Amino acid sequence: MKHLEHLDYVIFGLYFFIVIGVAMYVSRKPKGHERNAEDYFLAGRSLPWWIIGASLIASNISTEQIIGMNGTAFESGVAVISYSLIGAAITILIVGKYFLPKFLEGKIYSMPEFLKKRFNKKVSILMSVFWILVYVFVNLTSVLSLGAITLEAVLGIPIIYSIIGLAFVSAIYTIYGGLSAVAWTDFIQVGVLILGGLAVVWIGLDQVAIKYSGEGFIEGMATLIEVQPDKFHTVLPANHEELPWTGVFLGGLWIAALSYWGCNQYIIQRALAAKSLKEAQHGLLFAAVLSVIVAVIIVIPGVIASELFSGQITSRDQAFPVLIRELLPVGYSGLVIASLIAAIISSLNSMCNSVATIFTMDIYRGMINTNASQNNLVKTGRIVTAVALLLAIIVTPAVASMGKLFSFIQEYTGFVTPGVLCIFLTGLFWKKTTSKAALWTVLLTIPISIAFKTFLPQLAFLNRMMLTFLLLLLITIILSLKDKTPESELNLDKLESREESSLLYNVGAFVVIALIAVFYVIFY
């Protein structure tokens, strides 16, 4: 087993120091300007497209993506790449074209605020509670768990100390800086992550070639496909536990993806902070392009690990950390580990900021203190951030012991996502959807999901999500048609955007989708 050298630790510490320094710098208050809620939660609605795109991907490709999806690839092969191609790149483009214009036209802070404008306060508050619970007890705990697993595998730090350390560092600049600190540091992190991830792929493929008396990463890729042919199929059997083709191409992956990218506070919040619709859409196009690039990083290393180090890996979530430890040269290991940890903290920051936004703007301002000052709102947001991290620290050790954490995230967020997507789709695109129907959809999504899991335990979670969504959609339509006075029609009309998508966005989207289609034809 290789060990990190002093240079690795120096680069690790230096990189971290720079990232925190940048976060504190962009978070500073301009002279004579008191930070308000829009500054703290939406970066003053001033983010440019390149920051939006990079920040979206930095949050998305944190530990649950890099560690979790490489772990799945270690076990099941490249089929998990669909989460990045269909579940990210294509879905991002759909959201940018059809969802985002309505959100920006509504000038909202949060997803619950949209539901309040489209439906009513009951639907908004209920979904606020749902989102806060999912972010704190599923997303935050899972990201902390995978981060702790990485630190233990690479640096030998016990999991409990890693959990506390990650949460503490996250608190340093998230509590102080808000979304601005998160978004600008994401730009640095995504660049380093892509360079570091590609280095792992390059060196790993070269080692595969050497193992079979060859040389070079191109020969290594050809050799890997030859010796691991079963792991280079994007279409898996319909009865596959995690990635059935029915769920990937026709079912639950679309439900999870559209809900994640189009209705998810900690993702869409970056686009809400854009200068304009054009800037936001170009940011999403940039994010889609980056998703295609990082698809390689979040899948191929897992297959490489199964070929080179299967004997050293006892849990599939160790695949990527082991590659870092065993393959990267002195100095590079420290930089890649630092960028991984920074990405973990980036995701923690994003989720905490979203929890703070939802609680402060939709629950605190909406129910507890309707006349709260701007200063009071910012203080409340900071307190909520700290509480969310504390709760996550308490729960995370139990989650870390579960294994298969990427699947855990997808499955248990899948209890909520069918209902979330249902009310957003019908709320955005069908004027007859009523508040009563939306409320019942929210209330029934978890019970229906639990019923399917209980009585059809053999059903893959992606297929279960699709069935839950279709049933909820039917309920929404029936209840809306029975209600003769849909009070929300005028509200929906107000959300029609007056801007058109740019030619660059439309052409870029076509090219990205065409390239993805070619990939699936080659590796079906």
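Nothing here was measured: the structure is a model prediction, and the numbers come from that model. We use all heavy atoms of the structure for the numbers below, so side chains are in, but hydrogens, waters and symmetry mates are not.
Closest non-hydrogen pair, A392 versus T141, comes out as O-CG2, 3.9 Å. Heavy-atom minimum distance, T445 versus G419: OG1-N, 3.2 Å. Residues L323 and P301 come closest through the heavy atom pair CD1-O, 3.0 Å. Summarising the geometry of S306 relative to Q228, their closest heavy-atom pair is OG-NE2, 3.3 Å, with the distance given to 0.1 Å. Of all the heavy atoms in V294 and I194, the pair that sits closest is CG1-CG1, 3.8 Å. The two residues A257 and G87 have their closest heavy-atom pair at CB-O, 3.4 Å.
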Checklist entry - W245 and L250: side chain to side chain contact (heavy atoms under 4.5 Å, CB included), yes or no, with the steps? => result CA-CA 8 Å; W245 72 265; L250 304 175; 3.6 Å; yes

Checklist entry - How far apart are the C-alpha atoms of F286 and I52, what are their side-chain angles, what is the distance that settles it, and do they pass the side chain to side chain contact (heavy atoms under 4.5 Å, CB included) test? => result CA-CA 8 Å; F286 183 41; I52 293 169; over 6 Å; no

Next on the checklist: Let's go through L224 and F232 carefully: what are the C-alpha distance in whole Å and the side-chain angles of both, what is the deciding distance for side chain to side chain contact (heavy atoms under 4.5 Å, CB included) to 0.1 Å, and is it a yes or a no?
Outcome noted: CA-CA 9 Å; L224 192 63; F232 282 89; 3.9 Å; yes

Item to check | From CA spacing to verdict: side chain to side chain contact (heavy atoms under 4.5 Å, CB included), Q269, S350 | outcome: CA-CA 9 Å; Q269 191 163 346; S350 301; over 6 Å; no

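Counting only heavy atoms from C-beta outward, the side chains of M221 and I300 approach each other to under 4.5 Å. In this structure, the side chains of L456 and Q458 come closer than 4.5 Å at one or more pairs of heavy atoms. Inter-residue side-chain proximity for Q281 and P101 is flagged as met; some heavy-atom pair is nearer than 4.5 Å. Side chains of V201 and F217 form no contact here, defined as non-hydrogen atoms less than 4.5 Å apart. Looking only at side-chain heavy atoms (C-beta outward), W49 and K278 stay at 4.5 Å or farther from each other. Two residues are said to be in side-chain contact when any heavy atoms from C-beta on lie closer than 4.5 Å; F187 and V22 fail this criterion. F519 has its side chain out of reach of V292: every pair of non-hydrogen atoms, C-beta onward, lies at least 4.5 Å apart. Proximity of T441 to T426: side-chain heavy atoms (C-beta onward) are nowhere separated by under 4.5 Å.
The backbone N or O of S145 lies less than 3.5 Å from no partner atom in the side chain of T396, so there is not a single donor-acceptor pair. Judged purely by atom type and a 3.5 angstrom limit, W261 has no side-chain atom pairing as donor or acceptor with the backbone of I90. Put simply, the side chain of K231 never gets that close to the backbone of V78: no donor and acceptor are under 3.5 Å apart. Under a 3.5 Å cut-off, the side chain of S142 and the backbone N or O of V138 do form a donor-acceptor pair. Proximity of a side-chain donor or acceptor of K211 to a complementary backbone N or O of E307 within less than 3.5 Å is detected. For Y98 (side chain) and F429 (main-chain N/O), no donor-acceptor pair under 3.5 Å exists by modelled atom type. A donor-acceptor pair under 3.5 Å links the side-chain atoms of N70 to the main chain of I297, judged by distance alone. In this structure a side-chain-to-backbone donor-acceptor pair under 3.5 Å is missing from S84 to A89. With hydrogens and angles ignored, the 3.5 Å screen pairs a side-chain donor or acceptor of T234 with a backbone N or O of F523. S259 places no side-chain N or O within 3.5 Å of a backbone atom of A256 that could act as its donor or acceptor partner.
The line from CG of L467 to CZ of F452 is 5.0 Å long, rounded to the nearest 0.5 Å. Note that CD1 of I423 is 10.0 Å distant from CG of L428, once rounded to the nearest 0.5 Å. Going from atom CG of L258 over to atom CG of L425 covers 6.5 Å, rounded to the nearest 0.5 Å. Rounding to the nearest 0.5 angstrom, the gap separating the CZ atom in R464 from the NZ atom in K453 is 5.0 Å. Between the CD1 atom of I18 and the CD1 atom of I188 there is a distance of 8.0 Å, given to the nearest 0.5 Å. Within the model, atoms OG1 of T476 and CZ of F469 stand 8.5 Å from one another, a figure rounded to the nearest 0.5 Å.
Applying the side chain to side chain donor-acceptor pair (under 3.5 Å) rule to E219 yields no partners; only residues at least two apart in sequence or on another chain are considered. Checked against side chain to side chain donor-acceptor pair (under 3.5 Å), E279 has no partners two or more places apart in sequence or in another chain.
Between F103 and F99, the two ring planes are perpendicular [angle over 60°; tilted spans 30° to 60°].
Shown here is L133, whose CG atom has more than 12 heavy atoms of other residues, nucleotides or ligands within 6.0 Å. Counting heavy-atom neighbours within 6.0 Å of W202 CH2, excluding the residue itself, gives a total of 12 or less.
For F249 and Y520, the distance between ring centers is under 6.0 angstrom.
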